[in-house]
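Hydrogens, waters and symmetry mates play no part in the numbers below; they use all other heavy atoms, side chains included. Just so it is clear, the model here is predicted, and its values are computed rather than measured. Each ligand, and each atom within it, is numbered from 1 in the order the structure gives.
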Amino acid sequence: MATDEKEKLTPAEEAKITGRYLRGDIGPELVDGNDFFGKTSELLLKAHGTYQQDDRDARAAARASGGGKGEKAFIFMVRTRVPGGKLTWQQMLAELDICDELGNSTLRITTRQGLQHHGIPKRSLKETIKRINDTKLTTLAACGDVNRNVMCCPAPHHFDPVHEQLQALTDALAEHFKPKTKAYYEIWLRDTCTGEQTCLQGDQDTASTAGDDVEPIYGPTYLPRKFKMAVGLPGDNCVDLYANDLGFMAICENFNVVGYNLVVGGGFGVTPSAKKTFPAVAKRLCYVTADQVVAVAEAIVKVQRDFGNRADRKQARLKYLLHDRGLDWFKAKVEEYYGAPLPEPHPEDVWGFDDHLGWHEQGDGRWFYGLNVENGRLKDEGDFRIKTALRVICNRLQPSLRLTSHQSILFCDIAADDRGTLEDILREHGVKLSHEISTVRRWSMACVAWPTCGLSITEAERALPGIIDQFERELAKIGLHREAFTVRMTGCPNGCARPYNSDIGLVGKSAGKYTILVGGRLLGDRLNFIFRDSIPEADVVPTIMPLFHYFKHERSADETFGDFCHRKGAEDLVAWTDQFAIAGGTGETNGAANGKH
Ligand code: SRM
Ligand code: SF4
């Protein structure tokens, strides 16, 4: 690389170059007595599954009470990678113990089927990560410039082998793309960490220095940016295939997966100040047979490794490489790396979506129950004690568990006779059953945002429940309370709750204000568009409701809300709702807004 190019590298790239396979000074800094890590370690720590944060509420309170700028009291977020959201009841109990003993007493199901702890102090970081690994889960590669948690349709159907085949691919991908550095084992899993000598890997003590490490896929500088994969079905795109860098859409024949359509370059992060950033749904690349799929995925990751932008992190995701070089160039490169031509995608595309809530027969005589967890937060608060309910269910019924990409939980392998017990436990702890939850709440999700997310501009998780309360009331008034549409809210434009392909996206714009987007859909294969900008939180529902009046009057048969908005387009929707306001909210606009008179 030429020197002038080298000078342009970002701090994250420099940290990887000098980091000796993700070591840097994490080991020594872990025991330096401070409650924080230095900047370079902070960057490297992400690949180990943890973020240095602070409680922004506490900082604001300190400022308000005259504490100057408010000193940061550092805490850590720790993310567990759970391929396909599949975990045992023992693993869940261990995670709940950790959040109660070391964190802020809540556990969060993420939008990618993972789990997150918040509020872990630095002194408890090693214990947290070690205890997670003791249960055979890991935080390695839950964050960072590597392949992240691989999502998979979590439905435990046993009517045919398809779902097991999907999970098998998910596990294979998670393992294949897991970083091979021994740094993680040295720093977190050994009893004492000296940063660089012997380490415990598996059951063996092995002599290890950075010199021994090899990353056969990533190389020493890993990827230019995070990379995300998901495995799903055309008839059940519950994992939002098109929002991933690489989506595997299973093609089935005779109830068997025979191959996959690969879709590439999905990604939702936007930085308003960086003009060239945009959300993108993935593009259809090729069809691969089931036995080719891991090797082709490796070729795709390596093309991004070698050609992705390492000089500008805002342009470093795969979507920008595709945008800059084009799909044809990308496909040719992947074929070159793979060593053979790749056929066009199979004609099948996404056509269905299931959130898997409620009771379902598994096909093996047992049942699973999908429970909605509002915004994924497992906590006890007053009479609502979902965290304790989860403990009781795990101890008494010992189910296997699946997390969904809509932040919900599936209790699996339940005997028919135990179904009543499970419902009773939930009710006794003040938890509503899935059929008691309104449709709008069921299909909603929000990202974490305040107070822990350092990038949040405004509230999301704490604001959405109130917005959904209002929607429930207003939709019931006009008889649309049974309509299924997604409402997804984020505290900034980074898109962690995937707001840009939803029917209604609410994206934090400034303190207390949101951009409202409409026109996406449950299938997740289409971006929405801006309907109104900078709307105060209190005005969000009143601003959107006229659209539902319009929808009610002019939808075509079986048209969904998202499809209706998409058909009408931004200009028409804005004009009609302006007229609606002038007409006093009667819905009698005489079609003026549509130029119909
Ligand atoms: Fe995310 C950064 C939380 C899914 C796009 N995301 C963050 C950080 C780590 C903030 C930071 O960098 O300091 C957030 C931690 C907040 C906290 O306090 O916990 C954060 N992201 C989350 C989670 C926990 C949201 C949730 O409510 O569940 C999700 C964790 C998933 C997991 O288990 O791995 C989460 N993030 C997503 C998704 C959705 C998805 O992947 O399906 C996206 C959009 C898809 C995508 O990747 O483009 C997403 N997160 C981002 C971005 C924008 C990336 C970009 O390309 O520009 C950032 C910022 C960044 O990376 O610089 C970000
Ligand atoms: Fe934080 Fe923004 Fe992601 Fe929400 S969307 S968790 S505010 S980075």
Taking the basic N atoms (NZ, or NE/NH1/NH2) and the acidic carboxylate oxygens, is any pair closer than 4.0 Å for [X] and [Y]?
X: Asp245; Y: Lys319; result: no
X: Asp55; Y: Arg59; result: no
X: Asp145; Y: Arg310; result: no
X: Lys228; Y: Asp240; result: no
X: Glu95; Y: Arg131; result: no

(request) For atom 33 (O) of ligand 1, find the nearest protein heavy atom and state the residue, atom name and distance (0.1 Å precision). (result) Thr110 OG1, 2.6 Å
(request) Return the set of residues passing salt bridge (charged side-chain N to carboxylate O under 4.0 Å, His left out) with Glu459 (not counting sequence neighbours), or none when no residue passes. (result) Arg462
(message) When you measure from the heavy atoms of Arg108 to every atom of ligand 1, does any distance fall below 4.0 Å?
(response) yes
(message) Can you name the atoms of ligand 1, numbered from 1 with element, that are less than 4.0 Å from a heavy atom of Gln407?
(response) 27 (O), 28 (O)
(request) Check whether NZ of the Lys or CZ of the Arg Lys122 lies under 6.0 Å from the centre of the six-membered ring of Phe37 and within 45 degrees of that ring's axis. (result) yes
(request) Return the set of protein N, O or S atoms whose distance to atom 2 (Fe) of ligand 2 is under 2.8 Å, each given as residue and atom. (result) Cys492 SG
(request) Pick one of side chain, backbone, both or neither for how Ala449 approaches ligand 1, counting any non-hydrogen atom pair under 4.0 Å. (result) neither
